[in-house]
Every structure is written in C-alpha cells, then in structure tokens.
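Indexing begins at 1, ligand by ligand and atom by atom, following the structure's order.
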Amino acid sequence: MRMKLISVVLAALVATLVAVPLHAQVEERPIPHLVKKDGRFALFVDDAPYLMLGAQVHNSSSWPVELPKVWPAMEFLHVNTVEMPIYWEQFEPKPGQFDYTMIDTLLSEARQHQVHLVLLWFATWKNGSQHYMPEWMKLDLVRYPHMLDRNGQAVDSPSPHSAASLEADKTAFTAFLRHLKETDPQRTVLMVQVENEAGAWGSVRDFSPAAQKLFEAPVPPELLAAMHVKTASATPSWQQAFGPDADEYFNAWSVAKYIGQVAAAGKAAYPLPLYANAALRDPIKPGAAGQPGVPGNYESGGPTDNVLAIWKVAAPALDILAPDDYQNDPAAYLKVLELYHREDNALFVPETGGPDKARFFFSALGLQTIGFAPFGLDYTHRAADRSTNQADDSRPQEEFLIPWAMNYKLIGPMQREIARLNFEGKLQAVAEEQGKATQTLPFGSWNAVVSFGAARNNRGAGNPKPTERALVAQLKDNQFLVTGYFCRVDFRPAGTEQQRKSQHIVEGSEQNPSALIDGKWQHRQFLRVEEGAYENGIFKPIRILNGDETDWGLDFGGEPVVLRVSVAIY
Ligand code: DGJ
C-alpha cells in the first residue's frame, strides 16, 4: 500500500516537472476576440485586425490517412486559416468519456503548417439532422428524441426541447473548449462554430407534446420587445404574436435557445469567439410565410435572414450568425452578404462554393468581412466542383482551386494591412456584376472608377462571364492602394464635400478622367504609380509604372499586382 502511494506521488511529481517546462516554453498569446468600432467589426488576433483567408475541409474522421492530402491543397490555396470539423460521435464514444486525440492532432498539424484553425462542432445538429450524435444517444430515442411533425411522426432532426440532449451537448462542448484552453496558449484556434446548419428540413417545428405546450404559452417578453410586437394582449401566444410566421419563429427561438446555452457553457470555460452558420433561404424569393420546413424548401429554425433578430436575443453567447453562401444567382449571392452585414453582426462567410463565386471574396471584403472560406477544397474529395456537383477524375484538382487561390495569393502578403484598412473604413472592394460595366467607389474628393471588360479607349463593356474583381484603399488623401484581377481602375475628381452637396458635377471622358466642378474642369493626373508589395507592414516599391502602363487607366490581368497610386488635379 505504502509502495503504491509512493509511486503515485512520484508519478505526479514527474508529470508536474515535465508539464511545467513544456508550458513555460509556449508564450501565451491574447485570446482572439471581436472588436467593434465606429460601426465596423474586426477579429483581433494578437491584438490586431485579422482577415481569415480560409477553406473548409470535407472530413476529419481519419486524420492519419486524410490529413496528408489536405495540406498540399491548403498550401496551393494560400490559406491562413483552415476550418475542420470535430465529430461528437468520435469525441464522446461512451457517455462522459472524451477522446481528445483528434483535436490534439489537428492542433499539432496546423502548427506545423503555420495556419490557424476554426473548429466546427458537429454535434446535436449537422445539416438539420442528429447524424453526428454518438451511437449511445442515437439508440436511446426516449432520452434523446427526434422532432415530431404535425402528424406525430418522427423526422430526421433532433428535438430542441430535449433537456437530456441539451445537457449532454453542453457537457461535451464544455469539455472540448476546456481542452482547447489548456492546450492552445498559442491560439492556433481562432473561433469555434457551434453545431452545423442547425434547423429542420422535415417539419417547420417540433409538434411533440412538450413543444406544443410551449407553443401555446405566451411568447417570452424579451422576444416580443426585440421584435417590436404590439398585440391586444400583453402576453400573446406565438400564433397571436406572429400569425403565419408563428411556427417558424417558434422553431428559430427553440433552436437558438438550445444552441445559445451550449455556446454559453463552452464560453464560460474558454471565451473564444463563437458562431452559428446558416443553410439559407432564397434571400430574394423566399416563398410564403409558414412554408419552411416542407421538405425541399429550406431549413426551418436556423439563423436564416428572416430570424436573425430572434437568434440575437435567444443566443447572446454567439458572436456571429454566418451565412453559408452557395446562391447561384449573383444577385442573391450579394443580397446574402448584405443581409448578414449588420450593425449587430460582423460578416463572416464560413462556407461558399463554385469557382464562379470566387470573385465574390472581393464583395465580402467590401462589406468588411472578417473571413471567407470555400467548402471542400481539399484533395480528399474529387467532387470539388459544386457547380456540377460531379466527380471528374479527368480534370486536375488545381482547376477547381485556381480561382480561389488567386484571391489569397494576392491578398495574403498584405493580409494584416488589408484587415486594418478595412477596420478603419478606408477600403472598398467589388466584384463584377452582370450588366454593370462600371462601378464607382467614392473616397471623399476622389471617385475610384472600376471598369469591367475595358479595352483601350473605352470605358468597359462588361464581360460575357463576369470574373473581375477590384480593391481600392485610401492610404492618404491623394494616395491609394489599388489591386484586382482583369479590371481597370481610374480616379476621377469628386470635389469637396460642400461642392458634392451643392453642385451638379459633370463627369468628363474616360480618356482624360475629369469633372466639371464649380464651372471649372478638374483633371486627374497620376503623380506616381508604383508597383510593389508589403513587407512587414511597409510598402516596398519594385518599379514605377508610366506611359502605356497608365495612359488608359490602371489595367490588371491575371497576375497578382499591387499598386500604390498618388493622384493630383490639374
Ligand atoms: C453545407 C454544410 O454545412 C457542409 O457541412 C457540407 O455538408 C456542405 N453543405 C456540402 O455541400
């Protein structure tokens, strides 16, 4: 007995001696956090604005086999952040037994490859279902029930009214975050996604007796206040308060409340930024109220654009509600970005897809996105082309990666400057839109004019297949950082604030960008156009552009080119 005690004490002593120097070697960095200033958000990493140049991988269940295939693709893409799922079924194979192997592997591999991680908690919900719950939960349908539809039939979606499921999820999520706190002082993990595309496809809401009772009870007052609902009764039921939207709003509240509690429990262990992602409804033609939940329509209860206010009040521990933007119609794609860029919500696009969408990274930058991540761009899955959704072994994987890689190759070397300029409100960026040959970006006394499909002597006629993208940031009153692909950028005098308010300003021709202001022509001249690159936060010019290179405006092709442009009036 005594010998046993001595060996236990010795083992503890050795463990402490080993643990202390190991921890002492790692410098503890500040915890990543969201900052809001002057109406703009930034994700602060090492206490400065950070832009996640991300990509999401398909699968994380078989790391020794799959990981080696992930890293070359990530390097090709020039990402700085990789989104990887953590599966509840693997993490908690038996009740209360947590397996940290996967998390530890991901942390160590990400560090070796010098990227950050966003970890995705695939737990109670993944794409509206409970498929990632551990087996011991899936088999105990009484304790961990599915939702019931209107006819009392179980649907392929977990009930948000199960106290046991909630408790189990909270406990497991807390263990996960506590482990991150203990093992990640270098903050490899920047954020955690709580669940994945929560909501339900098979029913607009849960019709179980417990849910029905809540549905008939008064709406929580904090929700009435947030939604500015005024009814005859001070304590209206869901039906009275929300009419045809009642079922869907009730489900949104129920799902958000559940996830909000999971998030709050995890955050209490380790206050990383947390977010929930949404399978979207069509932002332009969403259909009639009360329709969601019908199979084939859209997921009911997730953070879709119409229930963001409900999620904000039900789940304050979530820092961000984020759209998975796969909209094929460009107008719908852009509308989604606008809808999630709110005064109370930082824009973050945790999933997107289809090579024709790559240019919208610039649109997201123009709305101060804190990050962007195409889905499934690793070599573990051949069907990387979401536009056809077909595996095509005859085509090299790079073909699917190139449009995305171009974005990050261009922005990567100056990512910190771009994040800072965006947080300071000095940056604007756009992607080409069908039927819009030019876009004007106002910067005080200058307008940056972006033309698409421009040739010598013309102002741009647009391209049959839009691929162009442009970014302009104001460095000083008359100095700009300009970059992009396949577009032309020029500058046109815009007058003083007073003149813009009181005068009718007439624009001059493309060849000589000018404007008639206050009865006098003002013409733009380039004082200096320098091509260069940022090194350690400082712009290092490599050559001067002039003559043919600037006489028609600043033309960008398919190579990453960054210009610092000084302009003046004559
Ligand atoms: C959206 C989900 O969030 C992802 O996990 C993945 O299932 C993709 N859809 C597949 O298209």
Side-chain angles (χ1 to χ4, degrees), residues 52 54-62 66 70 73-74 79 81-91 102 106 117-133 156-158 191-202 255-256 259 262 274-283 292 295-305 311 318 320-328 332-333 336-337 340 348-358 360 371-392 397 400-401 404:
M52 287 181 280
Q56 184 170 144
V57 304
H58 266 283
N59 186 299
S60 70
S61 62
S62 165
E66 296 293 303
V70 166
M74 294 303 125
V79 302
T81 306
V82 183
E83 296 176 357
M84 305 233 194
I86 300 296
Y87 300 164
W88 192 4
E89 61 180 343
Q90 267 190 330
F91 182 63
M102 252 169 26
L106 294 183
L117 291 174
V118 169
L119 295 179
L120 319 174
W121 178 234
F122 284 13
T124 300
W125 283 273
K126 156 71 166 103
N127 297 12
S129 297
Q130 69 296 334
H131 300 175
Y132 285 77
M133 274 186 184
D156 190 14
S157 198
M191 302 211 293
V192 173
Q193 177 184 294
V194 194
E195 317 295 339
N196 188 83
E197 292 194 349
W201 285 100
V255 174
I259 295 177
V262 175
L274 302 175
Y275 73 96
N277 62 332
L280 303 174
R281 62 179 201 153
D282 187 314
N297 208 327
Y298 69 89
E299 249 185 81
S300 168
T304 46
D305 69 82
W311 273 73
L318 291 173
I320 301 175
L321 303 173
D324 290 351
D325 201 347
Y326 292 104
Q327 302 293 312
N328 278 322
Y333 193 103
V336 166
L337 300 183
Y340 285 79
F348 170 47
V349 184
E351 284 185 44
T352 185
D356 57 322
K357 317 286 190 321
F360 292 129
F372 195 78
F375 174 82
L377 294 191
D378 49 75
Y379 295 141
T380 63
H381 197 271
R382 299 296 303 175
D385 185 355
R386 285 193 53 88
S387 58
T388 61
N389 206 23
Q390 274 176 15
D392 184 351
Q397 282 283 298
F400 302 113
L401 304 183
W404 307 98

**Q** List the residues meeting ring-ring contact (aromatic ring centres under 6.0 Å, His included) with Y340, not counting sequence neighbours, and say none if there are none.
**A** none
**Q** With sequence neighbours excluded, what pairs up with Y275 under the ring-ring contact (aromatic ring centres under 6.0 Å, His included) test?
**A**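 For Y275, the residues satisfying ring-ring contact (aromatic ring centres under 6.0 Å, His included) (neighbours in sequence not counted) are F348.
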**Q** Taking only heavy atoms of D324, which atoms of ligand 1 are found under 4.0 Å from at least one of them?
**A**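 Reading through ligand 1 atom by atom, the close ones are 3 (O).
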**Q** Of all the heavy atoms in K126, does at least one lie under 4.0 Å from an atom in ligand 1?
**A** yes
**Q** Between H131 and F122, is a ring pair (Phe, Tyr, Trp, His ring centres under 6.0 Å) present by the stated rule, with each step listed?
**A** CA-CA 9 Å; H131 300 175; F122 284 13; over 10 Å; no
**Q** Can you list the atoms of ligand 1 that are under 4.0 Å from a heavy atom of N196?
**A** 2 (C), 3 (O), 5 (O)
**Q** Are F91 and W121 near enough that their ring centres are under 6.0 Å apart?
**A** yes
**Q** Under 3.5 Å between any N/O of Q56 and any N/O of ligand 1: does that happen in this structure?
**A** no
**Q** Counting each atom of ligand 1 from 1 as listed, which ones have a heavy atom of E197 under 4.0 Å away?
**A**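 Near E197, the atoms of ligand 1 are 1 (C), 2 (C), 3 (O).
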**Q** Indicate the atoms forming the closest heavy-atom contact of N127 with E299, along with that distance.
**A**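 In this case the closest contact between N127 and E299 is C-OE2, 3.8 Å.
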